[in-house]
Amino acid sequence: MPRPRKRLAGTAEAAGPDNKGPEGKRPKTKNPAGASVKVVNSSPQKTSASKNCGKNLSSYWLLKSEPESQLEKGVDVKFSIEDLKAQPKQTTCWDGVRNYQARNFLRAMKLEQEAFFYHSNCKEPGIAGLVKIVKEAYPDHTQFEKNSPHYDPSSKEDSPKWSMVDVQFVRMMKRFITLAELKTHHQAHKETGGPLKNMALFSHQRLSVQPLTQEEFDFILSLEEKEPS
DNA sequence: GCCAACGTTGGC
DNA sequence: GCCAACGTTGGC
C-alpha cells in the first residue's frame with residue numbers, strides 16, 4: 001500500500017536519544033520548542049492565569065509538503081494538496097518527519113486542530129489549503145522500513161523515535177496565499193507589531209511542522225478575502 | 001542550479 | 001562541551 005510521503009526535514013541519521021518529555025532536546029539554542037507552543041487561548045473563558053500544567057498547546061499548525069516531483073533515495077516524495085484530496089477519505093498519515101522539534105510539535109497536536117497545508121520547494125511556495133488532525137501522534141512505521149527514504153536504523157520497535165499524525169483535507173484556500181505575500185506582511189509587521197511579526201515560517205524557516213498563534217491563523221485567513229498584495 | 005540558513009556530527 | 005565541517009532545506 002503506497003502511502004504518500006511528505007518530504008520533510010532531515011535524514012534518518014539524526015542522532016540523539018529519544019527524549020521523552022513534551023520536549024525533545026534540541027541542540028543548545030534557546031527557544032525550546034515547548035516555549036513556542038504557546039497557549040494561544042482560543043477559548044474566551046480561560047485566562048492567561050490558567051495553569052495548563054506545562055501543557056501549553058498551540059491550536060493551529062502549518063505543515064509543509066512538496067507538491068512537485070522530488071526524488072529522495074530514489075523515491076518520489078511529491079505530495080500536493082491535490083494528492084491529499086485524492087486519498088481515501090481525503091486522509092493521510094504525515095510520515096517522514098525526522099527532526100526533533102518538528103516531531104515534538106506533531107506530538108502536541110490534538111484531534112480536530114487545524115493546520116495550513118503549505119507547498120514548499122516548488123515553483124510557487126505558499127499556503128494551499130486547510131487540513132485537520134484526525135488521529136493524534138503514533139509511531140511512524142516508515143522509520144522501520146528499510147526501503148523507505150525515511151528509514152532510521154537507530155530506531156527500535158520497542159521505543160520508536162519518530163511519530164506521525166493523520167490529517168484530513170478540510171478545504172482549499174479561497175485563493176492561494178503565496179510565500180511572497182506572507183513575507184511582505186511579515187516584514188511590515190516587524191515594524192508595526194502586526195500579527196505575523198514572529199511567524200515561524202520566517203523565524204524558523206527550516207521547520208517542516210510549525211505552530212501558529214490564533215492571531216497568525218486569523219490574519220492569514222483574512223487574507224483570503226483580499227486582493228493579493 | 002546556487003547558496004543562505006541552520007541542524008547535526010564528530011574531533012578534540 | 002565547543003565548534004568547524006558537513007549535510008539538508010528550501011527560496012530564488
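Chain A is the first sequence line, chain B the second, and so forth, proteins listed ahead of strands; every chain is numbered from 1.
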*Among C:dC12, B:dT8, B:dA5, which is the nearest nucleotide to the side chain of A:Gln205?*
B:dA5

_Taking only side-chain N and O atoms of A:Lys64, does any of them lie within less than 4.0 angstrom of OP1 or OP2 on C:dG10?_
yes

*Select base, sugar-phosphate, or nothing to describe what A:Tyr118 touches, counting heavy atoms under 4.0 Å on all strands.*
sugar-phosphate

*asked:* I'd like to know if the side chain of A:Ser69 pairs up with that of A:Asp76 as donor and acceptor (distance under 3.5 Å, no hydrogens or angles considered).
replied: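 Yes, A:Asp76 and A:Ser69 have a side-chain donor paired with an acceptor closer than 3.5 Å.
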
*Could you check which of C:dG10, C:dG11, B:dT8 has an atom nearest any side-chain atom of A:Pro125?*
C:dG11

_Please enumerate all residues that pass ring pair (Phe, Tyr, Trp, His ring centres under 6.0 Å) together with A:Phe219, with sequence neighbours excluded._
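A:His185, A:His189.
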
*Can you tell me the distance, in whole Å, between the CD atom of A:Glu181 and the C1' atom of C:dC12?*
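After rounding, the reported distance stands at 18 Å.
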
*Just by distance, with hydrogens left out, do A:Tyr60 and A:Gln214 show a side-chain donor and acceptor under 3.5 Å apart?*
yes

*May I have the distance from A:Gln101 (atom CD) to B:dG7 (atom P), rounded to whole angstrom?*
7 Å

*Measure the distance from CG on A:Asn99 to P on C:dG10 and round it to the nearest whole Å.*
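Answer to the nearest Å: 9 Å.
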
*Contact class for A:Lys183 (heavy atom, under 4.0 Å): base, sugar-phosphate, or nothing?*
sugar-phosphate

*Nearest-Å distance, CG (A:Leu71) to C1' (C:dT8)?*
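Value for this atom pair: 16 Å.
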
*In whole Å, what is the span from the CG atom of A:Leu207 to the P atom of C:dG10?*
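My rounded result for the distance is 9 Å.
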
*Roughly how many Å is it from NZ in A:Lys78 to P in C:dG10, rounded to a whole number?*
17 Å

*Non-neighbouring partners of A:Glu157 that pass side chain to side chain donor-acceptor pair (under 3.5 Å), sequence neighbours left out*: none

*Calculate the interatomic distance between A:Leu62 atom CG and C:dG10 atom P; express it in whole Å.*
11 Å

*When the distance from CZ of A:Arg98 to P of B:dT9 is rounded to whole Å, what number comes out?*
14 Å

